[in-house]
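Sequence lines set the chain letters: A, B, ... in the order given, protein chains first and strands last, and positions in each chain run from 1.
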2 protein chains.
Amino acid sequence: MVALAYADHALLTSGSAARSLGLSYARPLPVVTFGAGSEIYVPGQAADALYQVEFGAVRLHRLLSDGRRQVIAFYLAGETFGFAAEPIHSFFAEAIVATGLKAVVHPASGAVSPDLLSLALRGMIRAQEHILVIGRQTAVERIAGFIIDMASRQGDLEHIDLPMTRLDIADYLGLTIETVSRVFAKLRSAGLIKLRSIRCVEINNLRALQGLCA
Amino acid sequence: MVALAYADHALLTSGSAARSLGLSYARPLPVVTFGAGSEIYVPGQAADALYQVEFGAVRLHRLLSDGRRQVIAFYLAGETFGFAAEPIHSFFAEAIVATGLKAVVHPASGAVSPDLLSLALRGMIRAQEHILVIGRQTAVERIAGFIIDMASRQGDLEHIDLPMTRLDIADYLGLTIETVSRVFAKLRSAGLIKLRSIRCVEINNLRALQGLCA
DNA sequence: CGGGTGTTTGACGTCTGTCAAAAAGCGTGG
DNA sequence: CCACGCTTTTTGACAGACGTCAAACACCCG
């Protein structure tokens, strides 16, 4: 872990790992590893590459001036992120745990592939659906939906990894860490989920959980 | 108004105005008018055209099973909407007032223009920023930001049209109609805005209003 | 001049946030 | 292997912002 963080730091300080990757190659690239908690890009940084998660997990977030934070999205293994409407990023992207990334395309390149548009559209729809969740659902609905979402993205009901902290989940769902903790406890004592460990959930009653999502 | 609604109804019932437009022409099309409150498309309908607003205003929204509604976005004159990640729509698009639309591109066509990608990305960023607003801002912050956003989109601080109802605003900002009304009253009595009429706002103190947005 | 929709205002309730402290994990080092 | 210290999580008591319910008030158009 120390070694990873160190390598990561070296890449970042030598002038943006992202940029050097994006400009050096035209094709899929070697996996670059980021240590837990390290920054992949920050607001203002040139947006000249997309990333595919090989392993680990990434959070995209934004801060208000007084420190309030909103996590915009999580990206798990196999998912792609890094879109920006302008030539520079407007969010933070950070590795949640030790994470391997591969730069897959270069948005500034002349050709626009239909795949790229499709990815962008999927991202937009996902964001718009998240607006509904945050704008109109209760804490229980949000968390039940979140667990189901994580399960479906990992294709497993019995071993759902939650690489992010409760604070990350809270900031993603527009709640506080205490509310997240309380709702998890409630779902557990109702027998709908089991907390195998602090970062691993099992769904015991999918139907009931789905029933909690409006 | 009756005439408009009637014409709209005829178009819709004769098998989707959107579809017939999208398939009949390859280039910019004549303006089609939709009456206040009429549907432009609904979830499940084929997504085979984008629309540019010529005049009027459109709301994009989604419903939960129990009737809770979230307005995802408003589109004013000059703005473009109609993106979908799948071949069918997942939201409702409705004319708020009498509205003229022009179908501008056909997303299913082979060529993907950079402009199209740019529009999609801009939509994604806008949605992601709205997540921050709804997830982490107070009622006053949301409404102050909303008024400023409407002003900048209309390029006028002294005559800001709010074509949508208070309920639309509430459902857009994740609030209730009563809270929206109360905050407007508060901003008015604080001298930051003037309500020229129920659907027209004037900003008296932009700095103070900006100061209210985190 | 009505009837209907949309808006405002008031009184009250509650869900979620805030503050605080204890408990549980987890990596480090003896 | 266990003790230590840190971060993360859980739990409790309390408070506040916003929602709910209800009624009065404007506005629009016929």
Problem - Residue whose closest nucleotide on DNA chain C lies nearer the 5' end, A/Ser197 versus A/Ala139 - result: A/Ala139
Handout entry: D/dG12 base / A/Arg182 side chain donor-acceptor hit below 3.5 Å
Key = yes
Side chain to side chain, [X] and [Y], heavy atoms closer than 4.5 Å:
| X | Y | value |
| --- | --- | --- |
| A/Asp156 | A/Ile160 | no |
| B/Leu212 | B/Leu187 | yes |
| B/Leu50 | B/Phe81 | no |
| A/Thr138 | B/Arg68 | yes |
| B/Glu178 | B/Arg166 | no |

Practice task
Would you please indicate yes or no on a ring centroid separation below 6.0 angstrom for B/His130 and B/Tyr172?
Solution key: yes
Practice task
Output the residues of residues 55-70 of chain B in contact with DNA chain C, where contact means a heavy atom of the residue under 4.0 Å from an atom of the strand; sort by number or write none.
Solution key: none
Completion exercise
Note: contacts of residues 158-177 of chain A with DNA chain C (heavy atom, under 4.0 Å) are A/Gly174, A/Leu175, A/Thr176
Separation of [N] [atom2] from [X] [atom1] (nearest whole Å):
| X | N | atom1 | atom2 | result |
| --- | --- | --- | --- | --- |
| A/Arg199 | C/dC26 | CZ | C1' | 10 Å |
| A/Glu178 | D/dA13 | CD | P | 15 Å |
| B/Arg188 | C/dT8 | CZ | C1' | 9 Å |
| A/Lys186 | C/dT16 | NZ | C1' | 11 Å |
| B/Ile198 | C/dT7 | CD1 | P | 6 Å |
| A/Arg136 | C/dC15 | CZ | C1' | 15 Å |
| A/Phe184 | D/dT8 | CZ | C1' | 14 Å |

Exercise for the section: State the CZ-CG distance between A/Arg199 and A/Leu162, to the nearest 0.5 angstrom. Expected result: 8.5 Å
Exercise for the section: Could you please spell out the steps behind the ring-ring contact (aromatic ring centres under 6.0 Å, His included) verdict for A/Phe92 and A/Tyr41? Expected result: CA-CA 6 Å; A/Phe92 293 89; A/Tyr41 56 75; 9.1 Å; no
Exercise for the section: Report which part of the nucleic acid B/Thr138 touches: base, sugar-phosphate, or nothing (heavy-atom distance under 4.0 Å, all strands). Expected result: sugar-phosphate
Completion exercise
Heavy-atom nearest pair, A/Gly82 first then A/Tyr51, reads CA-CD1, 4.5 Å
Exercise for the section: Please check the phosphate of D/dC18 (OP1 and OP2 only) for any side-chain N or O of B/Thr179 closer than 4.0 Å. Expected result: no
